[in-house]
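Reading through the structure tokens given below for one structure.
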Amino acid sequence: MRKTKTMRTTFAAALALATAFSAQAAHQAAHAADLDFGPLRGSQWGEPVVVWQGGYFAGFAGYTQTGVKADGIFKEPIAHHLRDTVLEAEMRVSDFLRPTVSDRRASVFGIAAGYNFQFDETVLGIEADFTRGRTRSVGSDQLARRRNLSNDTLGYADARGTFELEVDNVSTLRVRAGYTVGAFLPFVSGGVAIAEYKRRRVIDLEYGEAPVAGPFRFQDVAPKSGWAIGVAGSAGVDVALTENVFVRGEWLYTFFPDMGGAEVSRNTLRAAAGVKF
């Protein structure tokens with residue numbers, strides 16, 4: 001009888017302990033279920049994280065600086081005209097002209113649209129933009145030389161060249177990566193760029209091999225327009241003002257290796273305001 005009574009007492013104590021533990025667990029679960037963080041999520045530091053997931057649209061304005069390197073813009077037509085000549089082989093007339101072009105600055109404006117994918121504090125996305133803002137670069141050079149050639153003549157050449165390059169309507173398509181810090185989203189991006197341009201190149205070359213040949217004259221006026229493809233990269237920060245409104249500061253760099261025979265780079269600082277949805 002004593003053994004049976006002891007077993008009953010032990011069973012009753014275990015049952016009471018299990019009941020108390022279950023009640024405590026149920027209370028904690030109910031308390032957690034009552035919490036509602038709304039549009040914010042907690043970060044590892046315990047601060048709210050802005051939700052950037054979804055599409056957005058923005059308008060921007062800024063200032064751009066365009067640099068042009070046109071060392072080879074006159075080379076191909078002169079080399080083609082003087083092909084298979086002693087003058088070109090020994091004097092390298094096609095390398096005479098290397099114009100220096102000053103950087104040009106202009107105001108720009110445009111629009112951007114994109115979509116963000118958010119993984120906790122990490123934000124990945126894609127963005128396209130269109131920038132309107134015309135820059136016009138002008139360069140010129142001239143050089144005259146003479147020397148004795150291997151065919152017992154005196155070679156001479158007097159070369160002059162001018163060009164104009166107008167850049168307008170630049171668009172980019174970039175992927176973005178950022179990390180949320182409170183209401184701030186610092187980011188970097190990279191992708192491709194396309195730009196519309198117009199170019200005018202003028203060459204005036206007088207040359208000969210005295211006393212047996214010349215003087216000869218080569219003149220070439222070559223207007224050209226089209227689209228150039230390049231690369232783009234940027235760094236900036238988005239700042240959430242409300243759940244749906246944000247502002248942005250950004251530096252954008254674009255590079256075009258062949259824009260009508262010239263290398264073109266653009267550095268743009270721009271400020272934007274947008275809405276996300």
Side-chain angles (χ1 to χ4, degrees), residues 55-74 76 99-116 123-140 162-178 185-201 222-239 246-276:
Y56 61 88
F57 176 85
F60 59 82
Y63 191 73
T64 190
Q65 177 174 292
T66 301
V68 177
K69 183 179 179 181
D71 289 353
I73 199 165
F74 303 110
E76 190 277 332
T100 300
V101 185
S102 299
D103 291 348
R104 299 296 178 180
R105 300 170 179 84
S107 299
V108 296
F109 61 92
I111 56 175
Y115 195 92
N116 290 323
V123 178
L124 304 177
I126 186 169
E127 179 175 296
D129 66 58
F130 172 81
T131 302
R132 178 78 172 176
R134 183 173 302 171
T135 59
R136 180 174 175 268
S137 302
V138 179
S140 64
T162 62
F163 85 99
E164 301 175 4
L165 181 66
E166 188 176 283
V167 184
D168 200 0
N169 297 339
V170 178
S171 299
T172 72
L173 179 64
R174 294 167 287 117
V175 294
R176 298 201 317 157
L185 176 63
F187 65 86
V188 294
S189 74
V192 297
I194 185 170
E196 184 181 11
Y197 72 90
K198 296 178 181 178
R199 186 217 68 190
R200 186 173 186 267
R201 181 189 65 205
K224 183 178 181 181
S225 62
W227 296 85
I229 298 176
V231 296
S234 77
V237 59
D238 289 345
V239 183
F246 69 94
V247 293
R248 172 186 295 178
E250 185 179 21
W251 163 72
L252 174 67
Y253 175 77
T254 52
F255 175 72
F256 302 91
D258 183 9
M259 185 178 288
E263 291 183 2
V264 176
S265 60
R266 287 166 61 102
N267 287 278
T268 304
L269 295 176
R270 57 192 191 180
V275 294
K276 51 193 179 76

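Values below: all heavy atoms of this structure, side chains included; hydrogens, waters and symmetry mates excluded.
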Discussion item. Let's go through L185 and V123 carefully: what are the C-alpha distance in whole Å and the side-chain angles of both, what is the deciding distance for side chain to side chain contact (heavy atoms under 4.5 Å, CB included) to 0.1 Å, and is it a yes or a no?
Written reply: CA-CA 8 Å; L185 176 63; V123 178; 3.9 Å; yes
Worksheet item: Does the pair F57 and I111 meet the rule for a side chain to side chain contact (heavy atoms under 4.5 Å, CB included), with working shown?
Response: CA-CA 8 Å; F57 176 85; I111 56 175; 4.2 Å; yes
Item to complete: Please report the C-alpha distance between M259 and V167 in whole Å, then the side-chain angles of each, then the deciding distance to 0.1 Å, and finally whether the side chain to side chain contact (heavy atoms under 4.5 Å, CB included) criterion is met.
Response: CA-CA 9 Å; M259 185 178 288; V167 184; 3.6 Å; yes
Worksheet item: How far apart are the C-alpha atoms of T268 and T64, what are their side-chain angles, what is the distance that settles it, and do they pass the side chain to side chain donor-acceptor pair (under 3.5 Å) test?
Response: CA-CA 4 Å; T268 304; T64 190; 2.9 Å; yes
Worksheet entry | Chi angles and distances behind the side chain to side chain contact (heavy atoms under 4.5 Å, CB included) call for T66, V68 | CA-CA 7 Å; T66 301; V68 177; 4.3 Å; yes
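Contact between A112 and D129 at its shortest, heavy atoms only, is CB-CB, 3.8 Å. Of all the heavy atoms in K198 and S225, the pair that sits closest is CG-CB, 4.0 Å. P99 and G139 get closest at one heavy-atom pair: CB-C, 4.2 Å. N267 approaches W251 most closely through the heavy-atom pair OD1-NE1, 3.1 Å. Across every non-hydrogen atom of F74 and R201, the tightest pair is CE2-CG, 3.5 Å.
With a 4.5 Å cut-off on side-chain heavy atoms, F255 and V264 do not count as touching. Looking at heavy atoms from C-beta onward, I126 lies in side-chain contact with L173 at the 4.5 angstrom threshold. Taking the side chain as every heavy atom from C-beta outward, S265 and Y253 approach each other to under 4.5 Å. You'll find the side chain of I73 stays beyond 4.5 Å of the side chain of D71, heavy atoms only.
With sequence neighbours left out, the ring-ring contact (aromatic ring centres under 6.0 Å, His included) criterion links F246 to Y56. Partners of Y115 by side-chain contact (heavy atoms from CB on, under 4.5 Å), not counting sequence neighbours, listed by chain and number: Q53, F117. Residues forming a side chain to side chain donor-acceptor pair (under 3.5 Å) with E76 (at least two apart in sequence, or on another chain): none. Applying the ring-ring contact (aromatic ring centres under 6.0 Å, His included) test to F60 and every residue at least two apart in sequence or in another chain returns nothing.
The distance from atom CD of E127 to atom CG of N116, rounded to the nearest 0.5 Å, is 8.5 Å. Going from atom CZ of F109 over to atom CZ of R270 covers 13.0 Å, rounded to the nearest 0.5 Å. L165 CG to T135 OG1: the interatomic distance, rounded to the nearest 0.5 Å, is 7.5 Å. To the nearest 0.5 Å, the span separating OG on S137 from OH on Y197 amounts to 14.0 Å.
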Please output the side-chain donor-acceptor pairs of residues 101-108 that fall under 3.5 Å, not counting sequence neighbours, one pair per line with the distance.
from, atom 1, to, atom 2, distance (Å)
D103, OD2, Q65, NE2, 3.3
R104, NE, R136, O, 3.4
R105, NE, Q65, OE1, 3.1
R105, NH2, Q65, OE1, 3.1

Taking distance alone, no hydrogens or angles, what donor-acceptor pairs closer than 3.5 Å link side-chain atoms of residues 228-239 to residues at least two apart or in another chain?
from, atom 1, to, atom 2, distance (Å)
S234, OG, R174, NH1, 3.2
S234, OG, S189, OG, 2.4
S234, OG, E250, OE2, 2.7
D238, OD1, R248, NE, 2.6
D238, OD2, R176, NH1, 3.3
D238, OD2, R248, NH2, 3.4

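At least one donor-acceptor pair under 3.5 Å links the side chain of R199 to the backbone N or O of A222.
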